[in-house]
Amino acid sequence: MLDELLAAWIARQRWFGGKGRPIDELSIDSDVELTPGLRHLIVAIWQEGSRDRYQVLLGERDSIPDRLTHALIATVGDLYLYDAVHDADRMGWLLNGMAHDETSGGLRMRHVPGVTIDTSQRSLVLGAEQSNTSLVYGDAYICKLFRRLIPGINPELEVITALAARDAPHIAQPYGWIETELDGTDTTLAIMQEFLATANDGWDLALASVRDLYASLPEITAAEAGGDFAAESLRLGSATARVHHELAEAFPTDVVEIHEIKRMAEGFRRRLGRAVAEVPELRQHVSTVEDAYHEVELHTSEVPVQRVHGDYHLGQVMRTPTDWVVLDFEGEPGQPLAERKALSSPLRDVAGMLRSFDYAARHLLPDSANIRAQAQELEPRAQEWADRNRASFLEGYVEGGGVITRGDAALLRAFELSKAVYEVVYEARNRPTWIAIPLAAFRPRPV
Ligand SMILES: Nc1ncnc2c1ncn2[C@@H]1O[C@H](COP(=O)(O)OP(=O)(O)O)[C@@H](O)[C@H]1O
Ligand SMILES: O=P(O)(O)O[C@H]1O[C@H](CO)[C@@H](O[C@H]2O[C@H](CO)[C@@H](O)[C@H](O)[C@H]2O)[C@H](O)[C@H]1O
């Protein structure tokens, strides 16, 4: 009975990765009481023969206060069962657990050695559209609870701990984490970091700039518009290069030899094949993408590889009063852990951010009925904004010590198109009205 109610509830959650496919079966693999009124569940969801596991923090109360009715999952007998992430009283227990390195019901709550955790901070769920759930404690900490569980230490924890140990700039300090054993492997359930209370999300800042350009007179260029973003893009490029440098110092690096480059192209193709099978709109662009992948095979020098961010976009960077900070080093949600930790060319992140400038420039075109009427008129402005900020970002990247050679053009383009292929699938599953944005990446480019 609880299984069915949970399945119906999970299917509606933003963080549920299996949207668009029916849930065939849900089973509760683990259900432990952490403290009275708070249970930790690991549920397995079967869809089309494959299984994904998710964690749920289940609150139990005899009566439900108004502030929690929106989080109600089910009533079973006299008990109200609800999504406990919305309950600051219950979530305070987790903070306390991390502060005191407690273990309960197989969950190990830990803090980074040397930091002191202020347990008086009350939590709120961050409203952002996310693949996970983040709790903000006061304005001190942000604790990301991973929803879909993959056995192993989360790459984000690994990366920020290693970079913080090097005093690397451009990251948010780690404070703590929660882990358990899944399939006999230590598995990260949550990561707590410094909350950047005075910072702004890169995506929001970029959109403000695009809106400003849209609203300005037609004769005003992107460079002249009041909200020009190019100086920020330049700075972001430099910060990105520095983060890549720190990652290369903190983790092993390697090179892909020329004779192995074909395998990189094959990796791109496998992803394309899977995407076309899922999203038919991609079929008409296959030859454009294939051509770009073929160019990669003609690469004439070895390709340096290292740990990278892996899912780099404007929503993963925040502007503090003094500089850019990079968040969320966990790779693309939904990919196998080995792939998310695999060494890759830093150009992959560069390409991710270039795509994001395209997204920011275009997303207002199809999204608002009001603006859609003017879409044709605004399209050149969108292009101008994207071109200007993409160029600034690349300039900043090179100024900051990042390496992009002339011979890298084909690889960079292939990474961009591969990201666009991923995005088409992502949008088809999560935000179908946005699918035109990544599809625009396959249009012929001016020569
Ligand atoms: N350390 C932080 N300080 C302030 N806000 C943050 C911090 N980390 C994340 N955020 C906010 O949460 C949003 C989503 O965070 P992110 O780590 O990218 O989660 P997800 O992987 O679920 O997308 C970010 O876009 C940002 O607005
Ligand atoms: O931030 P997440 O780790 O959840 O990343 C996923 O969701 C992102 C959207 O929130 C998605 O990013 C795409 O949309 C962004 C605008 O919302 C845009 O800036 C990015 O360039 C675009 O890729 C990301 O791909 C996905 O993995």
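Whatever order the structure lists ligands and atoms in, that order sets their numbers, starting from 1. As the structure is a prediction and not an experimental result, all values here were calculated from the model. The residues of the chain are indexed from 1 along the displayed sequence.
- Listed by number with element, the atoms of ligand 1 under 4.0 Å from a non-hydrogen atom of Leu126 are 11 (C), 12 (O), 13 (C).
- Ring pair Trp15/Tyr54: centre-to-centre distance below 6.0 Å.
- Remark: ligand 1 atoms within the under-4.0 Å shell around heavy atoms of Ser131 are 22 (O).
- The shortest separation from a heavy atom of Glu423 to ligand 2 is under 4.0 Å, placing the residue in contact.
- The backbone and the side chain of Asn132 each have at least one atom closer than 4.0 Å to an atom of ligand 1 (non-hydrogen atoms only).
- For ligand 2, the polar-atom distance check against Arg14 finds no nitrogen or oxygen pair separated by under 3.5 Å.
- Contacts between Val325 and ligand 1 below 4.0 angstrom, taking non-hydrogen atoms only, are absent altogether.
- Taking each of Gln335, Glu332, Arg431, Glu427 in turn, the one with a heavy atom nearest to atom 9 (C) of ligand 2 proves to be Arg431.
- Using a 4.0 Å cut-off between charged nitrogen and carboxylate oxygen, Arg122 and Asp89 count as a salt-bridge pair.
- Here Met353 has no heavy atoms under 4.0 Å from ligand 2, in either its backbone or its side chain.
- For ligand 1, one of its N or O atoms has an N or O atom of Gly315 under 3.5 Å away.
- Among Lys144, Glu194, Glu330, Gln193, the residue whose heavy atom sits closest to atom 1 (N) of ligand 1 is Glu194.
- Interface atoms of ligand 1 facing Phe195, defined by a heavy-atom separation under 4.0 Å, are 3 (N), 4 (C), 5 (N).
- Residue contact check: Asp328 has heavy atoms under 4.0 Å from atoms 16 (P), 17 (O), 18 (O), 19 (O), 20 (P), 21 (O), 23 (O) of ligand 1.
- At a 4.0 Å heavy-atom cut-off, ligand 1 touches Leu327 through the side chain alone.
- Using a cut-off of 4.0 Å between Lys/Arg side-chain N and Asp/Glu carboxylate O, Arg147 and Asp83 are scored as salt-bridged.
- Taking a cut-off of under 4.0 Å to the non-hydrogen atoms of Ile142, the atoms of ligand 1 that pass are 1 (N), 2 (C), 6 (C), 7 (C), 8 (N), 9 (C), 10 (N).
- For Glu330, the closest heavy-atom approach to ligand 2 does not fall below 4.0 Å.
- Atoms of ligand 2 found under 4.0 Å from any heavy atom of Gln316, numbered from 1 in the order shown, are 1 (O), 3 (O).
- In this structure, Arg90 is not positioned above the aromatic face of Trp93 in the sense of NZ or CZ being under 6.0 Å from the six-membered ring centre and within 45° of the axis.
- Ring to ring, Tyr137 and Phe195 are not that close: their centroids are 6.0 angstrom or more apart.
- Annotation for ligand 2: atoms under 4.0 Å from non-hydrogen atoms of Asp328 are 3 (O).
- Counting non-hydrogen atoms of other residues, nucleotides and ligands closer than 6.0 Å to CZ of Arg67 gives a total above 12.
- Salt-bridge formation is not detected for the pair Arg108/Glu102: no Lys NZ or Arg NE/NH1/NH2 atom is positioned less than 4.0 Å from an Asp or Glu carboxylate oxygen.
- Here's the thing with Ser134: none of its N/O atoms is less than 3.5 angstrom from an N/O atom of ligand 1.
- Comment: Lys419 does not engage Glu423 in a salt bridge, judged by the lack of any side-chain N to carboxylate O separation of less than 4.0 angstrom.
- Using a 4.5 Å cut-off on side-chain heavy atoms (C-beta onward), Glu290 and His294 make no contact.
- The salt bridge (charged side-chain N to carboxylate O under 4.0 Å, His left out) with Arg390 is formed by just one residue from the set Glu395, Glu384, Glu416; it is Glu416.
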